[in-house]
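All residue numbers in this chain count up from 1 along the given sequence. Start at 1 and go down the list; that is how both ligands and their atoms are numbered. Small disclaimer: the values here were computed from a predicted structure and weren't measured.
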Amino acid sequence: MQIYLVGGAVRDELLNYPVYDKDWVVVGATPEEMIKNGYRPVGSDFPVFIHPKTGEEYALARTERKSGKGYSGFQYHASPDVTLEEDLSRRDLTINAMAKSSSGELIDPYGGQNDLATKQLRHVSPAFSEDPLRVLRVARFAARYAHLGFTVAAPTLKLMQAIASTDELSHLTKERIWQEMERALSERSPLTFFNVLEQANALEQLFPPFTTLVNNDKAQQIAAQFTDTTETKVRFAALCYVCFHTLSEAQTKLDQFCRDLRTQNQTRELAIHTLIAHPQLQCWSSLSAENKLALIKQLDLLRRPERLPPLQASTRLLSDTNTNAGELLANLCEELKGINPKALMNDGYKGAALGEEIAKRQIAICELF
Ligand code: CTP
């Protein structure tokens with residue numbers, strides 16, 4: 001059997017990018033031989049094995065045939081006579097269809113190196129269109145490599161448009177769509193993801209509210225402030241503010257959007273809390289003590305202090321001025337936590353009187369911020 005490094009690891013090594021995941025292709029082997037050599041099969045009907053020591057994925061060279069809708073509707077044919085070139089030909093982009101042998105030789109039958117040099121995201125073959133997930137993947141790769149000058153090759157964009165003109169995108173699961181969007185948001189140029197989907201006529205279908213982001217100055221101003229340490233949920237929350245800006249309607253729509261996509265709860269909460277908090281933080285100094293306290297209670301910040309740092313980050317991204325309102329909010333919460341109901345009880349407060357005294361002291365503290 002021959003073993004080759006394939007896919008993203010080869011691409012990123014050539015781009016001098018850090019390589020996190022290594023995928024391998026095994027040519028000339030049967031499942032029985034793999035098991036005999038200590039590899040663990042991933043599933044009964046899928047020709048992928050896990051290396052006993054490294055935990056990396058080793059897939060038997062395979063061809064595939066579309067047999068249903070969506071990205072999982074495929075029949076695989078893996079056998080020792082499938083060649084490396086055949087395996088590489090079923091892959092999405094030429095830059096993802098290169099392999100490296102154990103002696104370090106690069107195998108590049110579809111022009112991946114040339115496309116790396118000319119910075120083109122180009123499909124390998126018409127079979128690209130069989131997997132609708134690739135529309136999202138290409139947009140995500142564009143978001144990752146845009147700063148290097150990569151663009152989607154015109155014929156590939158045409159295929160993406162053709163996929164978007166059928167009902168194929170509707171067969172992708174919401175989880176998978178969110179997974180791609182979440183990864184795209186963490187890339188260097190997240191707005192490129194939405195721009196490319198728009199060019200492919202897929203944005204409206206996949207993320208209707210996010211059509212607003214295309215050619216949007218505010219979105220560009222926000223994204224320009226992202227750094228390597230800006231968390232994905234913070235990026236999402238700040239961009240959502242641009243897409244959903246009328247509060248009451250947006251609250252329900254944004255909530256529904258996040259639930260539809262099955263985002264994590266904290267991602268959904270942060271996006272909604274940003275929508276609620278940002279306008280109030282903008283005019284913090286003119287808010288009444290009662291309004292400040294109401295905001296803190298609405299967002300449950302005293303019991304959920306972990307909500308504060310991401311909220312400060314998302315609202316800072318949105319702010320046009322150099323306001324320190326987020327910091328004041330955090331300091332205020334800290335002070336409010338200093339009110340000790342037990343001490344008040346020791347002083348003789350109980351029942352309704354205890355509640356009233358706490359509220360009085362909370363307002364008094366809010367007056368100071
Ligand atoms: N692949 C494909 N079509 C897909 C998914 C994957 O052709 N829908 C192929 C590509 O050759 C890809 C490889 O499988 O390079 C591995 O896929 P994956 O690990 O998802 O992506 P990477 O290319 O490794 O990229 P990333 O850095 O985002 O993990």
Chemist: Tell me whether the rings of Tyr58 and His51 are parallel (<30°), tilted (30 to 60°) or perpendicular (>60°).
Modeler: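 Rings of Tyr58 and His51: tilted, 30 to 60°.
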Chemist: Where the side chain of Thr156 meets the backbone of His123, is there a donor-acceptor pair that is under 3.5 Å apart?
Modeler: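 Yes; judged by distance alone, with no hydrogens or angles, the pair exists.
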Chemist: Record the part of Arg144 in heavy-atom contact with ligand 1 below 4.0 Å; permitted values are side chain, backbone, both and neither.
Modeler: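 Within the 4.0 Å criterion, Arg144 contacts ligand 1 through side-chain atoms alone.
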Chemist: Assess the side chains of Glu33 and Thr30: does a donor N or O sit below 3.5 Å from an acceptor N or O?
Modeler: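 Thr30 and Glu33 do have a side-chain donor-acceptor pair below 3.5 Å.
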Chemist: Give the numbers and elements of all ligand 1 atoms closer than 4.0 Å to a heavy atom of Gly7.
Modeler: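 By the 4.0 Å cutoff, the relevant atoms are 15 (O).
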Chemist: For atom 19 (O) of ligand 1, which candidate among Asn96, Val135, Asp23, Asp12 holds the nearest heavy atom?
Modeler: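 The nearest heavy atom belongs to Asp23.
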Chemist: Going by the angle between their ring planes, with limits at 30° and 60°, are Phe244 and Phe257 parallel, tilted or perpendicular?
Modeler: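 Phe244 vs Phe257 ring planes: tilted.
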Chemist: Side chain, backbone, both or neither: which part of Phe141 comes within less than 4.0 Å of ligand 1 when only heavy atoms are counted?
Modeler: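 The answer is the side chain of Phe141.
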Chemist: My understanding is that only residues two or more places apart in sequence, or in another chain, count here; which of them pass side chain to side chain contact (heavy atoms under 4.5 Å, CB included) with Ile35?
Modeler: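 Per chain and number, Ile35 pairs via side chain to side chain contact (heavy atoms under 4.5 Å, CB included) with Pro41, Phe49.
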Chemist: Could you list all the salt bridge (charged side-chain N to carboxylate O under 4.0 Å, His left out) pairs where at least one residue sits in residues 268-278, not counting sequence neighbours?
Modeler: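 Listed once each, the pairs are Asp255-Arg268, Glu269-Arg307.
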Chemist: Return the option from His123, Arg137, Glu64 holding the heavy atom at the smallest distance from atom 12 (C) of ligand 1.
Modeler: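 Heavy atom nearest to atom 12 (C) of ligand 1 belongs to Arg137.
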Chemist: What do you reckon, does Arg90 have a nitrogen or oxygen under 3.5 Å from a nitrogen or oxygen of ligand 1?
Modeler: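 Such a contact does not occur with ligand 1.
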Chemist: Do ligand 1 and Arg91 have nitrogen or oxygen atoms that lie under 3.5 Å from each other?
Modeler: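 Yes, there is a polar N/O contact under 3.5 Å.
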Chemist: Considering the heavy atoms of Arg140, write down every atom of ligand 1 situated less than 4.0 Å from one of them.
Modeler: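 Matching atoms, with element in brackets: 28 (O).
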Chemist: Looking only at heavy atoms, is any part of Asp131 under 4.0 Å from ligand 1, and if so is it the side chain, the backbone, or both, or is it neither?
Modeler: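 Just the side chain.
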Chemist: State, to 0.1 Å, how close Met34 and Ala29 come at their nearest heavy-atom pair, and which atoms those are.
Modeler: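 Shortest heavy-atom contact: SD-CB, 4.2 Å.
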